[in-house]
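Below is one structure, written out as structure tokens; comments come after it.
FYI, the numbering just counts along the sequence from 1.
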Amino acid sequence: MCEHPEHHARFMAEAARVSREKMNAGFGGPFGAVVVKDGKVIGTGYNKVTTDNDPTAHAEIVAIRDACANIGDFSLRGAVIYTSCEPCPMCLSSIYWARLDKVYYANTRWDAARIGFDDAELYDEVAKGIEDRKIPMIHLADEEAATAFEEWDKKEDKIRY
């Protein structure tokens, strides 16, 4: 990825443009993202939570899904994401799972909170011990689930991710 400031500005402007265009078209909140590899946009996303009735359809996740579909791979190593806002904990986790190299963001989590998108509770919940979380997390051991893990561990043709 080229580290020239004008490239960063161009890709961030694209993420911001998508966020405004799709927000004004009624698709959802003011969030947009683009995944870039080798100087080219390989994935684009915008907030589709309310239009898709999908609480996971945040701009970053939509952009990651688009990029992975476009390149035919679940790994985005060598790519970066430009997003109009600092990723929420869910999106940040997805960024790590996708193996993106870097995140560039415009607005901060505090800017988002100011307009009604406050993720503070989520950041707090993730940091808590499992027994202290607001939504009860109950361990329920299952023999078949354990067997599946054992089989995966021994599987010779597995694709690690």
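With sequence neighbours left out, the side chain to side chain contact (heavy atoms under 4.5 Å, CB included) criterion links F74 to I159, Y161. For K40, there are no side-chain hydrogen bond (donor to acceptor under 3.5 Å, both in side chains) partners at least two apart in sequence or on another chain. In terms of the salt bridge (charged side-chain N to carboxylate O under 4.0 Å, His left out) criterion, residue partners of D54 (sequence neighbours excluded) are, by chain and number, R65. Residues forming a side chain to side chain contact (heavy atoms under 4.5 Å, CB included) with E125 (at least two apart in sequence, or on another chain): E121, K128, R133, K134. Residues passing the side-chain hydrogen bond (donor to acceptor under 3.5 Å, both in side chains) test with R20, sequence neighbours excluded: none. When the side-chain hydrogen bond (donor to acceptor under 3.5 Å, both in side chains) test is applied to D73, no partner is found at least two apart in sequence or on another chain. Residues satisfying the ring pair (Phe, Tyr, Trp, His ring centres under 6.0 Å) criterion with F117, sequence neighbours excluded, are F31. Applying the side chain to side chain contact (heavy atoms under 4.5 Å, CB included) rule to T83 yields the partners A33, E60, P87, V103, Y105; only residues at least two apart in sequence or on another chain are considered. By the ring pair (Phe, Tyr, Trp, His ring centres under 6.0 Å) test, F27 pairs with Y46, sequence neighbours left out.
A distance of 6.0 Å separates CD1 in I81 from CG in L100, rounded to the nearest 0.5 Å. With rounding to the nearest 0.5 angstrom, the CG atom of L76 is 10.0 Å from the CG atom of N70. Annotation: the span from E14 atom CD to S19 atom OG amounts to 10.0 Å, rounded to 0.5 Å. Here the straight-line distance linking atom CH2 of W110 with atom SG of C85 works out to 10.5 Å at 0.5 Å rounding. Here D119 contributes atom CG and L92 contributes atom CG; the two are 11.0 Å apart, rounded to the nearest 0.5 Å.
Residues K37 and R77 approach most closely at NZ-O, 3.2 Å, considering heavy atoms. The shortest heavy-atom contact between S84 and A106 is O-CB, 3.4 Å. Between P89 and L122, the shortest heavy-atom contact is CG-CB, 3.8 Å.
At a threshold of 4.5 Å between side-chain heavy atoms, the hydrophobic network of Ile, Leu, Val, Met, Phe, Trp and Tyr places M12 and V36 in one connected group. Clustering ILVMFWY residues whenever any of their side-chain heavy atoms sit less than 4.5 angstrom apart, transitively, puts F11 in a cluster other than the one holding I42. At a threshold of 4.5 Å between side-chain heavy atoms, the hydrophobic network of Ile, Leu, Val, Met, Phe, Trp and Tyr places Y82 and V41 in one connected group.
Alongside M90, the hydrophobic cluster contains I61 (criterion: ILVMFWY side chains under 4.5 Å). Taking a 4.5 Å side-chain heavy-atom cut-off between Ile, Leu, Val, Met, Phe, Trp and Tyr, the cluster of M137 extends to I130.
A 4.5 Å side-chain heavy-atom check between P30 and N107 finds every atom pair outside the cut-off.
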Throw together a table of side-chain donor-acceptor distances under 3.5 angstrom for residues 141-154, partners on residues two or more places apart or in other chains.
{"from": "D142", "atom 1": "OD2", "to": "E144", "atom 2": "N", "distance (Å)": "3.1"}
{"from": "D142", "atom 1": "OD2", "to": "A145", "atom 2": "N", "distance (Å)": "2.9"}
{"from": "T147", "atom 1": "OG1", "to": "E143", "atom 2": "O", "distance (Å)": "2.9"}

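Although no hydrogens or angles enter the test, the distance criterion places no donor-acceptor pair under 3.5 Å between the side chain of D101 and the main chain of V80. With hydrogens and angles ignored, the 3.5 Å screen pairs no side-chain donor or acceptor of R114 with any backbone N or O of A112. A donor-acceptor pair is defined here as one N or O able to donate and one able to accept, closer than 3.5 Å; such a pair exists between the side chain of D66 and the backbone of T44. N47 contributes no side-chain N or O that, together with a main-chain N or O of A59, makes up a donor-acceptor pair within less than 3.5 Å.
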Could you go through the salt bridge (Lys or Arg N to Asp or Glu O under 4.0 Å) check for K155 and D157 one step at a time? CA-CA 6 Å; K155 189 170 173 54; D157 62 344; 2.8 Å; yes
Derivation of the side-chain contact (heavy atoms from CB on, under 4.5 Å) call for E86 and T108: CA-CA 5 Å; E86 180 181 354; T108 68; 4.0 Å; yes
Under the criterion side-chain contact (heavy atoms from CB on, under 4.5 Å), I'd like the reasoning laid out for V49 against H58: C-alpha separation, chi angles, the key distance, then a yes or no. CA-CA 6 Å; V49 170; H58 289 200; 3.6 Å; yes
